[in-house]
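Down below is the structure, laid out as structure tokens.
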There are 2 protein chains.
Amino acid sequence: MKLSTKGRYGLTAMLDLALNYGEEPVALKNVAERQGISEPYLEQLIAGLRKAGLVKSVRGAQGGYILAYPPDKITVGDVMRVLEGPLAPVDCVIENEPVSCEKADHCVTRIIWEKIRDSINQVVDSITLQDMVDEYNSMNGQKGYMYYI
Amino acid sequence: MKLSTKGRYGLTAMLDLALNYGEEPVALKNVAERQGISEPYLEQLIAGLRKAGLVKSVRGAQGGYILAYPPDKITVGDVMRVLEGPLAPVDCVIENEPVSCEKADHCVTRIIWEKIRDSINQVVDSITLQDMVDEYNSMNGQKGYMYYI
DNA sequence: ATAAAGCCTAGTTAATAGCTTGGAATTCTA
DNA sequence: TAGAATTCCAAGCTATTAACTAGGCTTTAT
């Protein structure tokens, strides 16, 4: 029941973009540097987010990435589902997918997995990138300088 | 963010024991048969549950396993934590463990992981094996015959 | 005595996470 | 117009882990 580095790196990358929303595009080089992770790997993660329409890219020198929408229109759930796949603890409770297990209608544990799934989704869908930006500013004192991501 | 087979098999095994609570010990052979899984593998899972004090074993012929406490005293969380380890989406929010990350105090994403952790634990800690037994009976009509596990 | 169970330790195998490598395409700037 | 900075793309690699299997010992009801 652990998230992969995709979800973790990707969400902080999105927070980075959110903190720079309205300004110049942010190059992955800088994001990777601030997070202390591999740039080519981050490249792969953000490729998924771009294909999902959550970020836009600007190619060429001085290029980079920007959020496709304002930070208050993007939830943590939007980001995490792209990076981690469906946020369900077991395959038989993935939303909008047919259940292959013939026991499903009589399955007691399935009810528990559904509750876990719903509670996770309730959390991530109720938090936007703007909420994270606000939290960041209140933690780090509106300096405009990026201490920690 | 998926559970392993340990958590899934193990919880249904515990439900099996709960359905037989107060009667003869249940042999793993039968549990494995009802679930359609490997008996030696299930053996390993239940060994953990025994060491954690959640089940008791009766050795020898006609032996088997019984719950160490009444089903209403054992929560899904008790079982899952033994089988899956701490139910935290990332290592830095495992309860009762020192946080090694020096950014922790300024980390915005950490707050999200904590909320996810808490919501998962709230679900699993509020459901007992007895709740599952009751659900099972209402689903399968108190036949005393085990249709599905 | 025998068979049916639990107990224990050590393999094995396939999949996956978490990258790395290498290069092509695009675009700003000098 | 050259070169540097960037995104884009596809493939390969490696260590770890999940999910078992194998084999043998110990205990106990019948």
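The sequence lines fix the lettering, A, B, ..., with proteins before strands; numbering per chain opens at 1.
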With the threshold set at under 4.0 Å for non-hydrogen atoms, list the residues of residues 57-67 of chain B touching DNA chain C in residue-number order.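 Nucleic-acid contacts, sorted: B/Ser57, B/Val58, B/Arg59, B/Gly60, B/Ala61, B/Gly63, B/Gly64, B/Tyr65.
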
Polar side-chain atom of [X] near backbone of [Y] as donor-acceptor pair, under 3.5 Å:
X        : Y        : value
B/Arg50  : B/Ser57  : no
A/Asn121 : A/Asp118 : no
A/Arg117 : A/Val93  : yes

Roughly how many Å is it from CG in B/Asn30 to P in C/dA4, rounded to a whole number?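 Rounded to the whole Å, the gap is 12 Å.
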
Quickly work out the B/Ile46 CD1 to C/dG6 P distance and round it to whole Å.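 Rounding to the nearest Å, CD1 of B/Ile46 and P of C/dG6 are 9 Å apart.
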
Among A/Asn96, A/Val90, A/Asp91, find the residue that satisfies the side chain to side chain contact (heavy atoms under 4.5 Å, CB included) test when tested with A/Ile94.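 Going through the options one by one, the only one that passes is A/Asp91.
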
Per the side chain to side chain contact (heavy atoms under 4.5 Å, CB included) rule, which among B/Gln35, B/Met132, B/Arg34 passes with B/Thr12?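 With B/Thr12 as partner, B/Gln35, B/Met132, B/Arg34 yield a single side chain to side chain contact (heavy atoms under 4.5 Å, CB included), made by B/Gln35.
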
Test: A/Glu33 and A/Lys29 ion pair at under 4.0 Å: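 Here A/Glu33 does not pair with A/Lys29 in a salt bridge, since their nearest N and O are not under 4.0 Å apart.
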
One character per nucleotide, please: for nucleotides 13-22 of chain C, 5' to 3', B when the base has a protein heavy atom closer than 4.0 Å, S when only the sugar-phosphate does, - otherwise. -----SBBB-

In this structure, are over 12 heavy atoms from other groups packed under 6.0 Å from B/Tyr21 atom OH?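 Result for OH/B/Tyr21: enclosed.
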
Would you please say whether a donor-acceptor pair under 3.5 Å links the side chains of [X] and [Y]?
X        : Y        : result
A/Tyr41  : A/Thr5   : yes
B/Gln130 : B/Asp134 : yes
A/Gln122 : B/Ser119 : no

At the 4.0 Å heavy-atom cut-off to chain A, mark where contacts on DNA chain D begin and end, going 5' to 3'.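 Terminal contacting nucleotides, 5' to 3': D/dA5 to D/dA11.
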
